Trainee: 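Would you mind keeping the following structure in view while I ask a few things?
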2 protein chains.
Amino acid sequence: MMELTRKGEYAIRGIVYLASRPTDQVCLLSDIAAAVDVPPTFLAKIFQQFSKIGLVKSYRGTGGGFILGRPADKITLLDVVEAVEGPIIPNRCVINGIDCDRSSSCNVHPVWMNVQSQVRGILDKVTLKELAEG
Amino acid sequence: MMELTRKGEYAIRGIVYLASRPTDQVCLLSDIAAAVDVPPTFLAKIFQQFSKIGLVKSYRGTGGGFILGRPADKITLLDVVEAVEGPIIPNRCVINGIDCDRSSSCNVHPVWMNVQSQVRGILDKVTLKELAEG
DNA sequence: CCTCAAGAAGACTTTTTTTATCTTTTTATG
DNA sequence: CATAAAAAGATAAAAAAAGTCTTCTTGAGG
Ligand code: SF4
Ligand code: SF4
């Protein structure tokens, strides 16, 4: 239960690697993919998602590649995970607005709310800077 | 991410309902299924899993059905979830023994260990008794 | 302006997991 | 023995995950 998909794992590996590189140096996707051992075409999709929400900045054409969209200490693991996996949802009923008809009287519901809150808290306290340096 | 499957949700609903019934009274699977709005054949499979690990006790034949395998305050939400969903695994590398070749130098690894520990902690503190009564 | 090197976008495929259902067997009751 | 119920196993449909392929767009450099 609660398992990160490969996509999520790949996403983290890729962007942590990027964070470990010199800040101003654009990185080739193919280089990142090779370094973190991820299928390049798959990682491309992931970085496209990153790019759309500004987690990374992309440059096209010759000499193009990727750099972080903001400083590594301003990007959290939660940002990365939610970018590719969607929100942290231990159960459907924690989604705002979408609740099951039992939720008002359900004693399990608050437990999932708590799980969600704790997990988000943990992931939000970890930045790419910490992950890249250690 | 981290979403409980329907099987897990059904499992919880079913056993919480069972915990809300008089302790000594065997419950028909079909009654439980109807009460918690779950496909009876699916719930049957779930309760078979419960039965195998002693979470519930089953009686076959006429007048048969299910009762809890032990007192409701001795069964935790973690017991129930892990019974049908398997262990709480935020990422492959938290499984004992099965670690990726990067795990020793990986800074993300401890984060998943922490997530696992926190989530297990939360679920393990909630008993069926609390859930059934409120 | 032409060519080449990158990423962007979208369609497509394969594999795995989830969500069931159906049939047959076993066990117990009366 | 007839009937009631759970156990077990096979099967199937649907959804999600994982990965590939092709085409398009953008930018640099000659
Ligand atoms: S029954 Fe309770 S735990 Fe399950 S989905 Fe509804 S509110 Fe959430
Ligand atoms: S790279 Fe790190 S987080 Fe990912 S599976 Fe390996 S040890 Fe775990």
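What you see is a predicted model; the values in this text were computed from it and never measured. Chain A is the first sequence line, chain B the second, and so forth, proteins listed ahead of strands; every chain is numbered from 1.
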Trainee: Would you say B:Tyr10 reaches C:dT19's phosphate, i.e. side-chain N/O to OP1/OP2 under 4.0 Å?
Mentor: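 The answer is no; no side-chain N or O of B:Tyr10 sits under 4.0 Å from OP1 or OP2.
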Trainee: Does D:dA7 have OP1 or OP2 under 4.0 Å away from a side-chain N or O of B:Ser51?
Mentor: yes
Trainee: For A:Thr41 and D:dT20, is the shortest distance between a side-chain N/O and OP1 or OP2 below 4.0 Å?
Mentor: yes
Trainee: Walk me through it: do A:Ile67 and A:Thr23 pass the test side-chain contact (heavy atoms from CB on, under 4.5 Å)?
Mentor: CA-CA 7 Å; A:Ile67 57 169; A:Thr23 313; over 6 Å; no
Trainee: By nearest atom, which of the nucleotides D:dT25, C:dA11, C:dT19 is closest to the A:Arg60 side chain?
Mentor: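 The closest nucleotide is D:dT25.
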Trainee: Atom CD of B:Glu9 to atom P of C:dT19: distance rounded to whole Å?
Mentor: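 So the CD-P distance, B:Glu9 to C:dT19, works out to 11 Å.
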Trainee: Relative to the 5' end of DNA chain D, which residue comes earlier, B:Tyr59 or B:Lys45, by the nucleotide with the nearest heavy atom?
Mentor: B:Tyr59
Trainee: Return whichever of A:Thr62 or A:Lys52 has its heavy-atom-nearest nucleotide of DNA chain C closer to the 5' end.
Mentor: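 Nearer the 5' end of the strand: A:Thr62.
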Trainee: Can you tell me how far C1' of C:dA9 sits from CZ of A:Phe42, to the nearest Å?
Mentor: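 Rounded to whole Å, this separation is 16 Å.
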Trainee: With sugar-phosphate meaning primed atoms plus P, OP1 and OP2, does B:Phe47 contact a base, only sugar-phosphate, or nothing at under 4.0 Å between heavy atoms?
Mentor: nothing
Trainee: Considering every strand and a 4.0 Å limit on heavy-atom distances, what is the contact class for B:Lys57: base, sugar-phosphate, or nothing?
Mentor: nothing
Trainee: Quickly work out the B:Asp37 CG to C:dA20 P distance and round it to whole Å.
Mentor: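 So the two atoms are 11 Å apart, to the nearest Å.
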Trainee: Whole Å only: how far is the CZ atom of B:Arg13 from the P atom of C:dT19?
Mentor: 12 Å
Trainee: Just checking A:Phe66: base, sugar-phosphate only, or nothing, at a heavy-atom cut-off of under 4.0 Å?
Mentor: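 Sugar-phosphate, no base atom in range.
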Trainee: Can you measure A:Ile53 atom CD1 to C:dA8 atom C1' for me and round it to whole angstrom units?
Mentor: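 That distance rounds to 16 Å.
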Trainee: Report yes if at least one side-chain N or O of A:Ser58 is closer than 4.0 Å to OP1 or OP2 of C:dA8; otherwise report no.
Mentor: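 Checking C:dA8 against A:Ser58, a side-chain N or O does come within under 4.0 Å of OP1 or OP2.
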Trainee: Evaluate A:Ile12 against A:Val84 for side-chain contact (heavy atoms from CB on, under 4.5 Å), listing each step before the verdict.
Mentor: CA-CA 10 Å; A:Ile12 296 168; A:Val84 297; over 6 Å; no
Trainee: Send over the distance from B:Gln49 CD to D:dA7 C1', rounded to a whole Å.
Mentor: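 Rounded to the whole Å, the gap is 13 Å.
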Trainee: Please check if A:Ile53 and A:Leu43 belong to a single hydrophobic cluster, counting links between Ile, Leu, Val, Met, Phe, Trp and Tyr side chain heavy atoms closer than 4.5 Å.
Mentor: yes
Trainee: How many whole angstroms separate atom CG of A:Leu28 from atom P of D:dG27?
Mentor: 17 Å
Trainee: Quick one: is A:Thr5 getting a side-chain N or O under 4.0 Å of the D:dA18 phosphate, OP1 or OP2?
Mentor: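 Yes, A:Thr5 has a side-chain N/O under 4.0 Å of OP1/OP2 on D:dA18.
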Trainee: Classify the nucleic acid contact of A:Lys7 as base, sugar-phosphate or nothing, counting any heavy atom under 4.0 Å across all strands shown.
Mentor: sugar-phosphate
Trainee: To the nearest angstrom, how far is B:Gln48 atom CD from D:dA10 atom P?
Mentor: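 Result: 13 Å.
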Trainee: Using salt bridge (Lys or Arg N to Asp or Glu O under 4.0 Å), reason through A:Asp79 and A:Arg70 one step at a time and then give a plain yes or no.
Mentor: CA-CA 12 Å; A:Asp79 294 331; A:Arg70 47 177 197 267; 3.1 Å; yes
Trainee: Strictly by modelled atom types, are A:Asn91 and B:Glu9 linked by a side-chain donor-acceptor pair under 3.5 Å?
Mentor: yes
